[in-house]
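Note that the structure is predicted; figures quoted are calculated from it, not measured. Numbers restart at 1 for each chain; the letters A, B, ... are given by sequence-line order, proteins then strands.
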Amino acid sequence: MTDWLMRTLGLKQRISCGYLVPGIVTFVIALISYGAFNRLAVDFKQIILFSRQSADNMAFAAQMAEMQRLALIYIYEGHESAGEQVGEIYSTMARNIGRSRENLHETQAEAVLAKAGRHLDAYYEAFKVVRQQRLIQQQLVKNEFRVHATRAQHLIEELTRQEGGAKQLECTTMLNALLQVEKNAYRYFDSLDGGFIKAASASIEETRALAAAFGSKEKTAELDEVLNRYEASFLEAVQRTRGYLYLTSVVMAAQAYETIYQSKKLSALMLRETESIQQNVAQHISSRLRLMLLWTALLLLFIVLFSYIITRSITIPLRRLTDTFRLLAAGSAEAEIPSYQLQDELGDLTKAAASFKEKNIELRTSKKELERSNDELEQFVYTVSHDLKSPIVTSMGFIGIIRKLAAQGKAEQSLGMLEKVVKANERMSQLINDLLELSRVGRIDMDKKPLDLNGLLADFARSQAERLKAADFTLIIEPGMPVLFANESRTLQVFENILSNALKYVRNDKEGRRLHISASEDEQWHHIRCTDNGPGIPEEYREKVFGLFYRLDVNIEGTGIGLAVAKKIMKFHGGDIRAEAAPDGGAVFHLTFPKSADTPRPVG
Amino acid sequence: MNRRTFLKHGTAALAAAAFPKLARAKSKPTIKVVGTHVTLLEPIRQRAERDLGIAIEFHPAGDAEALLKASTDPSSFDLYEQWSNSIKVLWQAKTIQPIDTRRLTYWPEINNLSKTGRISDKARLGLGDAPCNLLFVQPDGTLNCTPTEEVSFLPYVHNVDSFGYNSAIVPQGVPYATESWAWLLDERWHGKVAIVNSPEIGLFDLALAVQAKGLMQFKDMGNMSREEVDALFNILILHKRDGHFRGVWTSVPHSVELMASGEVVIQSMFSPGVSALNGMGIPCIYAAPKEGYRAWHGVMCLSKECVGERQEAAYAFMNWWLSGWPGAFIARQGYYISNPQRSRPFMSKAEWDYWYEGKPAAEPLQGTDGRISVEPGSVRTGGSYTKRFENIAVWNTVMDTYEYTLTKWNEFVLA
């Protein structure tokens, strides 16, 4: 995880994460708390809603009972106000049901309430029919029924007048029978005893039978017609009465009971629901608290782990860099640069450490170079002093001899010795000149430019032609020499020194002496090989021959500085010169020039 | 002519033979039929119109609404189809006219159940208003069982009712032996009992239950006195207040809903409700109580104001009802017709054996909706037509104390 963070997130991002993630975690804890308490809030709202609904239900049952009571008052007493109140109560209940259904949307309670609402509607629909029927019944009883009774009575009274006193008794009996009809009818409407219907009908039949005995057919026919209407209105009033009684006592009663039943069922359902919710609330409180504690603990643990990882992701690279810088400050060139890929502040520090290390390496190299230079200088001083001392010692020896001979008066012999002193001094002069030349390499006349070696060597061959001819020496230059980026005079000086050495050292009577210059190249280097057919250079001397004043054969004239100069020139060019063995036993001086023009090497 | 071709062509021939006047009629009379949903079914209306060449309007309504309409406004109908217990009301209201049996083609085929009240010699007459007591119009205008040539109604559809129980909860009883109306008051089913909401029907279910339970005896259950009504309701209201009854049901679907929901395990039932519950996988058994059934008889009455061409059409429609096909049609709903032999050719043997003979169904039997209503091997509870109608305890009746029972019913329902 730490490695992943170090690979993926920059320092700033990691520090930001260190603040952001705990912030997010805190927010998550807050969300979990909100969710837990919000659920509780919803449950509490539900409990409050159900409590209100239960109260409404209790009122609902009472309203239903009251409505049925008022309906019965209206039916039996005919109080219009009671009928109106039924409608008002119904409207209130229907409105309450509608509101409650909205609150209980799509719940089991809502379905029960809907059923209660349907029964309530059916109840009120039946009541509306009851009112219609009762109005018709009242119309029949109070108006039509009475009109027919009165008309029948008038007809009987007219019959009585027409008959005079002859049928007074029959008329009185008929009138009594007619009155019995009304009496029995009202008894029926008062008592709702079906026996009075039969009695009323019997009285009408009796009236009708008595009327038939009268002579006035016109009046009796009219009376019969009136009696028929009287009976029909009475019987219709009976049926209307039965009709609204049935509606009230059977249809409305059943709907009222079902409404109350559904209301009670709803109350019971809500009570169960409320109890269930209360239990759930209690369970939820404890479970939510446990859950919150668990989540808080987990999230805090996460924060601890995350902080540890973030801290480590910052401190580990810092500690590594501190160690590295400590080593680098102590001058170490071996200090390990910690791997760090991101481009952030630590990445910059890592790069700085890498640069620091490179400087240390360069410093160490420079130091070694300096030490080597000092060694070489010491060796040079020693060699120079030794080799310069030799002609002086020789001169001083001869000068001593000359003094002795001069003291002895041997002037001629002493003059002869004087020539030897001159030669010694000339050698010393040569040595000093060569050393001067060596010191000039790298300091004077060292400008580089593109140098066509073909042309240079061709000119070189022409300039050496007399000398080579005199020495019976063959110089072979192969065509296809490269173009170098080099100092012309110094490069020519290298070939002159090689050729001088070859002229001095090569002895090959069989094949004739020669120097063969060829060229090749690889990706980085131009290789120039100068191969002679002399005795070659033993392997143990192949490095030494480039040392100052080193000569393979002291009997052969020379200062032993030429190859050292060549070495220095090649180093100046960023190349090198090595002595190798030729396949046929001669010596090969292998020059390497860098193809890259600007890679000079320090000159030592 | 095999049975299939008979079914295809026979009814048209029958109609032409049975209703010659109508076949010749140039105009197309329209008759209005007021009644209940039991018989006012659209397939019947369409078939009758096709067979008779008349226009028929069906006006189905609830029992109370239809009766009020018929008893107060004879112009509102030509024919009235309801139960025999409405005859007293209609006859008293004088909104119907006598039917001339000489104009009824199949009158001689109508069985003794309708004419004498007994389907066989050993049959119980049954308390209350046996149809025959309301059938024949006497010279003095009263109705009784003495045969005359005029009748107050055409006897046609009839059946027996009892109570249904959920045998998954109520242990299954033995028909006519252990099954009893007393079960409606069994304390084990406290709170899960319902009664049909109709005083002239449900009252007798309750009276049979109270008597079977031994709580009281009636001098004449078919015509209770006010004192008996009071005593009966005192018992019932106590039970109701004690919470014994879930309540009353107001329609067959309501009765189905009550038992299907589990609110009720035993209750008054009608045959279609039992079939519906069985179709829903609820093992509802239609009991054959040892005390006997509560029977009902359908009546078709002729309006006082139905005359002339409409009267001709009304008689044709009455004759058509007894011509065979309608009887077979309603048999598939579990109802019987008063001249069953006329319907027999219109039923398969398996149908006849199951519905009329009380034998196990030999094959799946379709209901009137074309769906399978009887599985093979099923046996109709209570046995054959004859057996069921030999065991009538009481007929649906409008008693003299009708109005009083209404007020008491109100008390009972709201108790």
Heavy-atom distances under 4.5 Å only: say whether Thr241(A) touches chain B with side chain, backbone, both or neither.
-> neither
Separation between CD (Gln133(A)) and OG1 (Thr72(B)), nearest 0.5 Å, reads 7.0 Å
Picking from Val413(B), Asn410(B), Leu414(B), what satisfies side-chain contact (heavy atoms from CB on, under 4.5 Å) with Ser249(A)?
-> Asn410(B)
Indicate yes or no: at least one non-hydrogen side-chain atom of Val251(A) is less than 4.5 angstrom from one of Thr250(B).
-> no
Proximity breakdown for Ser71(B) and chain A, heavy-atom pairs closer than 4.5 Å = both
Minimum-distance pair of heavy atoms, taken over all atoms of Arg242(A) and Leu406(B) | O-CD1, 4.1 Å
Distance in Å, Thr407(B) OG1 paired with Tyr76(A) OH, rounded so as to fall on 0.5 Å steps | 5.5 Å
Can Arg246(B) and Glu258(A) be counted as an ion pair, charged N to O under 4.0 angstrom?
-> yes
Close side-chain approach of Lys198(A) and Asp400(B), heavy atoms under 4.5 Å | yes
Could you tell me which portion of Lys69(B) (side chain, backbone, both or neither) has an atom closer than 4.5 angstrom to a non-hydrogen atom of chain A?
-> neither
Under 4.5 Å from any heavy atom of chain B - which part of Leu72(A) = side chain
In this structure, CG of Leu90(B) is separated from CG of Leu235(A) (nearest 0.5 Å) by 11.5 Å
CG-OH distance between Leu68(B) and Tyr246(A), expressed to the nearest 0.5 angstrom | 11.5 Å
More than 12 heavy atoms from other groups under 6.0 Å of NZ on Lys183(A) = no
Measure distances from Tyr188(A) to the heavy atoms of chain B and classify the residue's part below 4.5 Å as side chain, backbone, both or neither.
-> side chain
Any side-chain heavy atom of Tyr404(B) within less than 4.5 Å of one from Ser191(A)?
-> no
Minimum heavy-atom distance between Val89(B) and Gln239(A), given as atom pair plus value | CG1-OE1, 2.8 Å
Verify the neighbour count for atom CZ of Arg226(B): are there more than 12 heavy atoms of other residues, nucleotides or ligands below 6.0 Å?
-> yes
Residue pair Ile197(A) / Tyr402(B), side-chain heavy-atom distance below 4.5 Å | no
Is it the side chain or the backbone of Phe196(A) that comes within 4.5 Å of chain B heavy atoms, both, or neither?
-> neither
